[in-house]
> 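First, the structure itself, so that you have it in front of you.
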Amino acid sequence: MRISLLMLGIILAGVAVRKLPLGLPFFVTKWSGSWLWGMMMWCAVSLLFSPRHPVRNALLALVLASMSEELKCLHTPALDYFRSNALGSFLLGHHFALTNIGVYALAILATAYGAGCWERRTPCNATPPPAF
């Protein structure tokens with residue numbers, strides 16, 4: 001449940017940073033979008049697989065995030081048509097950047113580390129307090 005809520009927050013933050021007129025500098029909108037994409041990849045993998053395997057989930061999230069970046073190098077009529085509209089441009093992007101993969105990796109590692117710290121603070125096997 002926590003990961004689902006985190007993922008929803010990340011999606012909302014990503015849309016807000018990229019699409020709302022917040023007056024943020026380009027540097028912030030560019031790199032926060034990449035950072036949030038990496039975080040979202042970790043959340044998606046952790047929702048699909050057990051979050052108890054943080055290293056495996058982080059590696060798989062990095063592979064998927066890298067593949068999404070490499071998809072920008074692939075040009076087919078269908079992909080180019082999808083990229084030509086606002087939603088396709090927002091989801092797929094246009095230009096490959098190796099630095100984005102580095103930002104994804106940092107975001108994935110930070111998210112996995114933060115989730116691990118959160119889990120250690122609130123153990124899953126703790127007995128809930130009695131209901132009154």
> Treating Ile, Leu, Val, Met, Phe, Trp and Tyr as nodes and any side-chain heavy-atom pair under 4.5 angstrom as an edge, say whether Leu59 and Leu64 lie in one connected cluster.
no
> Ignoring hydrogens and angles, tell me if any N or O in the side chain of Arg83 forms a donor-acceptor pair with the backbone of Gly93 under 3.5 Å.
yes
> Side-chain donor-acceptor contacts of residues 16-26 below 3.5 Å, not counting sequence neighbours, with atom names and distances?
| residue | atom | partner | partner atom | Å |
| --- | --- | --- | --- | --- |
| Arg18 | NE | Thr29 | O | 3.0 |
| Arg18 | NH2 | Lys30 | O | 3.2 |

> Are Met40 and Phe49 linked, directly or through other ILVMFWY residues, by side chains that come within less than 4.5 angstrom of each other?
yes
> Atom CG of Leu106 and atom OG of Ser34: how far apart are they, to the nearest 0.5 Å?
11.0 Å
> Met39 and Leu48: same hydrophobic cluster, using ILVMFWY side-chain contacts below 4.5 Å?
yes
> Rest of the hydrophobic cluster containing Tyr81 (Ile/Leu/Val/Met/Phe/Trp/Tyr, side-chain heavy atoms under 4.5 Å)?
none
> Shortest non-hydrogen contact from Val103 to Trp35?
CG1-N, 3.7 Å
> Measuring from Trp42:CH2 to Leu60:CG, what's the distance to the nearest 0.5 Å?
12.5 Å
> Rounded to the nearest 0.5 Å, what separation is found between the SG atom of Cys43 and the CD1 atom of Ile3?
6.5 Å
> Just how far is it from atom CD1 of Ile10 to atom CG of Leu5, taken to the nearest 0.5 Å?
11.0 Å
> Sequence neighbours excluded and cut-off under 3.5 Å, please list the side-chain donor-acceptor pairs for residues 69-78, or say none.
| residue | atom | partner | partner atom | Å |
| --- | --- | --- | --- | --- |
| Glu69 | OE1 | Lys72 | NZ | 2.9 |
| Glu69 | OE1 | Asn100 | ND2 | 3.4 |
| Glu69 | OE1 | Tyr104 | OH | 2.7 |
| Glu69 | OE2 | Lys72 | NZ | 3.4 |
| Glu69 | OE2 | Ala97 | N | 2.8 |
| Glu69 | OE2 | Asn100 | ND2 | 3.2 |
| His75 | ND1 | Asp80 | OD1 | 2.9 |
| His75 | NE2 | Lys72 | O | 3.4 |
| Thr76 | OG1 | Leu79 | N | 3.1 |

> Determine, stepwise, if the pair Ser68 / Trp37 fulfils side-chain hydrogen bond (donor to acceptor under 3.5 Å, both in side chains).
CA-CA 10 Å; Ser68 74; Trp37 182 253; 3.0 Å; yes
> By the rule that ILVMFWY residues connect when side-chain heavy atoms come within less than 4.5 angstrom, directly or transitively, which residues belong alongside Leu8?
Leu12
> Quick one: CG on Leu109 to CG on Leu62, what's the gap to the nearest 0.5 Å?
7.5 Å
> For the residue pair Ala58 and Ala112, what are the closest heavy atoms and their distance?
CB-CB, 4.5 Å
> Name all residues meeting the side-chain hydrogen bond (donor to acceptor under 3.5 Å, both in side chains) criterion together with Thr111; count only those two or more places apart in sequence or in a different chain, and write none if there are none.
none
> Apply side-chain contact (heavy atoms from CB on, under 4.5 Å) to Ile101 and Phe96, showing your working.
CA-CA 9 Å; Ile101 295 174; Phe96 174 83; 4.1 Å; yes
> Could you list the residues that satisfy side-chain hydrogen bond (donor to acceptor under 3.5 Å, both in side chains) with His95, not counting sequence neighbours?
none
> Find the distance between OG (Ser46) and CE (Met41) and round it off to the nearest 0.5 Å.
12.5 Å
